[in-house]
Number of protein chains: 4
Amino acid sequence: MGNPRDECPGRGQDRSASGPREDNTASVSDRLMSAATRLFAERGYERTSVREIVQAAGVTKGAMYHYFASKDDLLFAVYERVLAMQMRRLEEFASDEGPIAERLREAAADVVRTTVENLEDTVIFQRSLHMLSPERQNEVRKERRSYHERFREMIEEGQHSGVFRTDIPADIVVTQYFGAVHHLGMWYRPDGELSGAAVGDHFAHLLLNGLRP
Amino acid sequence: MGNPRDECPGRGQDRSASGPREDNTASVSDRLMSAATRLFAERGYERTSVREIVQAAGVTKGAMYHYFASKDDLLFAVYERVLAMQMRRLEEFASDEGPIAERLREAAADVVRTTVENLEDTVIFQRSLHMLSPERQNEVRKERRSYHERFREMIEEGQHSGVFRTDIPADIVVTQYFGAVHHLGMWYRPDGELSGAAVGDHFAHLLLNGLRP
Amino acid sequence: MGNPRDECPGRGQDRSASGPREDNTASVSDRLMSAATRLFAERGYERTSVREIVQAAGVTKGAMYHYFASKDDLLFAVYERVLAMQMRRLEEFASDEGPIAERLREAAADVVRTTVENLEDTVIFQRSLHMLSPERQNEVRKERRSYHERFREMIEEGQHSGVFRTDIPADIVVTQYFGAVHHLGMWYRPDGELSGAAVGDHFAHLLLNGLRP
Amino acid sequence: MGNPRDECPGRGQDRSASGPREDNTASVSDRLMSAATRLFAERGYERTSVREIVQAAGVTKGAMYHYFASKDDLLFAVYERVLAMQMRRLEEFASDEGPIAERLREAAADVVRTTVENLEDTVIFQRSLHMLSPERQNEVRKERRSYHERFREMIEEGQHSGVFRTDIPADIVVTQYFGAVHHLGMWYRPDGELSGAAVGDHFAHLLLNGLRP
DNA sequence: GATGAATGAGGTTTCATTCAT
DNA sequence: AATGAATGAAACCTCATTCAT
């Protein structure tokens, strides 16, 4: 931009002369993670080059490889951040007081709200899992599974106490619900007519209805 | 030495000496489409090189570029085939006779069965949309939308006739349901304990329950 | 050279504008092999970049990777050419008529002459074996061993027939002799005062003397 | 995340958490030299990164650059150590009492034994000379030459006194012999059936035989 | 003496595509 | 209709070294 040399890889500074988009006061690795998150969501992991990431983060390639072993490693770091955040939120709702139906409704609505608020993460999550190494895919799946299980426990609690119907396996309910949630990244647009909270309420409503005996 | 290295994978002759995996009697473009479908589902669009596709299909690169303008074009062809097939199935169920609740239940269960039977297509569908050119993404989205609309009409029909509740927008119901369906590719394993039909029944059951007034 | 862009990798043509040094009528892979041989001998395998090789050969990087799977592969091709040539020469002398002492003397002198005439190959041979993959190192060592064995047979023939002394294992004699031969690349200079033939005569003389009973 | 990735090999801390292989009580520069010697011999100078060396030595990069100006400098230090040691050994034998044939025989056998005992040094010596700067290559060659000359003097002494034949230039004899010695690193294996002393005896025997008038 | 984050240049390789035959 | 050699751009990553602390 403004300089024909910008596109010549390996020539001169890695850091583009024209200002990077990420906050220069944040730590190098934070800047990298947020630049990567934005770009991965925007055009996909493979379509995003390391050069673009470091340019957007305003750091050099060398610096990036100082903090992350590979591009793959950076993607994994994004996954871990999202997973940790989601688990934290779920725990809060799940451990609340109150009747199980209410706790489930609120957790279900919240997971939609959170997803919508972090839509970029969700898009990446769905689209790029297969770009991780098999080992890391497994790691992500494992964490994801334990997340689902926390949710399933709530449903089973309701089934045991008789407020939820029992003729549908809790597992199926969970995967169905999270399928819908993960899919939000494919169609939800923040500038559309429905707020995240509204979608969350509807989704939760539908879920609870479905579980009525 | 002195000649293209025949023994080196993918160098020299495109066509591998050891037999390719696709049926040699099928037409060249069919062989390409099925090799591409398999590989795209297996390792993703971007991780699959044109060389691998033509090798698996047992044709040469030149032949591929004779039938498809580009790699992108091949992906689009896969999308079109899937979309056409899904629309055809839905039409069949939607235009059946019988009470709307039954027609919806059967269509909903069928879409799961079909999805499970063509899991590779589903995986690609979800994962690789962003690799198409923006124009083609729009084209796919448009076809997809009209598919959803056909489904939505059934729900609205039930709402108008009073068999489904009306406090949840039909749109939301549709996206929630298809979100779950598309997500099947991420977790369903044909060798697991649940058959596609069983999952379809549960999903449809849950959907219908949720719609009860 | 003459153009500041020459050093900007990945920009414009791979093929340098300034004329390449290799004969433009030879086949691409021959041009690559001779450019590589010269450069590997001059500055070593690792100090030679693929860019330099293709530039010297007057071809593009892509073309090189069309014929050779990797830089390593190119080095291996050089090894194979040298090994084949040496074996051919040795066979000629070994299968001659005449008394064994004479046949050995001539083969021994010839191997020096040939080595000196292909000093670049020898330098590479000695210096860069460890840059091949372990499998290929083994392949080279195996061929090399069978070469040595052919030579050893001649010595044993002389030992059995009583013209050579038997108190030194033929193996030791061979490794000692070839050690000296391989080492030529480290000190022999074509513009020095000794011709290759002269060195060969001396070496052979010393060898035969050492074997006198 | 957010910090240099400690768990990633070579990223973050240079010093590996799991113990390095070199003796922790030795001086920093000794540890570096012995780690470097081992690694250079194992995989070659160019395949060995500074990171690997400091990791193996259990020190940080900064520390290395405190003691050695560059990687090249470290290699040169290895060369100097070897050269000094070899010269010291040769002097001992050359200045012994006794008939020249005996002194030569013992020196010749000893140089083989020493070489075999320090095989790593020999491997590096042969393989990596071309990685030094031209000035340092010359320095090494000069020292090496003076070493050869000390050896040659012994041969000439024997030629003048009539115990060695004179129809082969002493120079040729020396280069032939040391060629064989340097080559030991390419084939000698400590776990083979021949001891270093045995090889030394055979080599010396062959040399002396060759020199008989 | 010692650290380790950061640099910046360069490395090898891959790949979709073209085109003369 | 089909070939396969050749292209050229860009990709990811490594590495010796420096320097503020």
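Proteins get letters first, then strands, A, B, ... in listed order; numbering begins at 1 in each.
- When side chains are defined from C-beta on, C:L75 does not count as touching C:R136, because their heavy atoms never get closer than 4.5 Å.
- Remark: the backbone N or O of C:D72 is paired with a side-chain donor or acceptor of C:Y45 at under 3.5 angstrom.
- Summary of the strand contacts: C:V28 and B:A63 both lie near DNA chain F, and taking for each the nucleotide with the nearest heavy atom, the more 5' one is attributed to B:A63.
- Judged by distance alone, the side chains of C:R127 and D:S128 never bring a donor and an acceptor atom under 3.5 Å apart.
- Taking the side chain of A:T60 as heavy atoms from C-beta on, and the options E:dA2, E:dA6, F:dT3, the nearest nucleotide is E:dA6.
- Rounded to whole Å, atom P of E:dT12 lies 8 Å from atom CD of C:E52.
- Residues satisfying the ring-ring contact (aromatic ring centres under 6.0 Å, His included) criterion with D:F76, sequence neighbours excluded, are absent altogether.
- Partners of D:S29 under the side chain to side chain contact (heavy atoms under 4.5 Å, CB included) rule, at least two apart in sequence or in another chain, are D:S27, D:Y67, D:F68.
- The distance between atom CD of A:Q55 and atom C1' of F:dA10, rounded to the nearest whole Å, is 14 Å.
- Consecutive Watson-Crick or G-U pairs involving DNA chain E, each under 3.5 Å on both distances, make up stems of three or more pairs at E:2-21 with F:2-21.
- No donor-acceptor pair under 3.5 Å is formed between the side chain of B:Y79 and the backbone N or O of B:L74.
- Between the side chain of D:E120 and the main chain of D:A41, no donor-acceptor pair closer than 3.5 Å is present.
- In this structure, the CG atom of C:D73 is 15 Å from the C1' atom of E:dT14, given to the nearest Å.
- The distance between atom CZ of A:R31 and atom P of E:dA5, rounded to the nearest whole Å, is 15 Å.
- To the nearest angstrom, P of F:dA11 lies 16 Å from CG of A:L74.
- Considering only residues two or more places apart in sequence or on other chains, C:E52 meets the salt bridge (Lys or Arg N to Asp or Glu O under 4.0 Å) condition with C:R43.
- With sequence neighbours excluded, no residue forms a ring-ring contact (aromatic ring centres under 6.0 Å, His included) with B:Y65.
- Note on A:H66: every side-chain N or O is 4.0 Å or more away from OP1 and OP2 of E:dA6.
- Taking atom OH on A:Y67 and atom C1' on E:dT7, their separation rounds to 13 Å, with Å as the unit.
- Residue-level contact check: B:F68 touches neither bases nor backbone, having no heavy atom under 4.0 Å from any strand.
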Can you build the contact string for nucleotides 16-21 of chain E? Use B for base contact, S for sugar-phosphate-only contact, and - for no protein heavy atom under 4.0 Å. SBB---
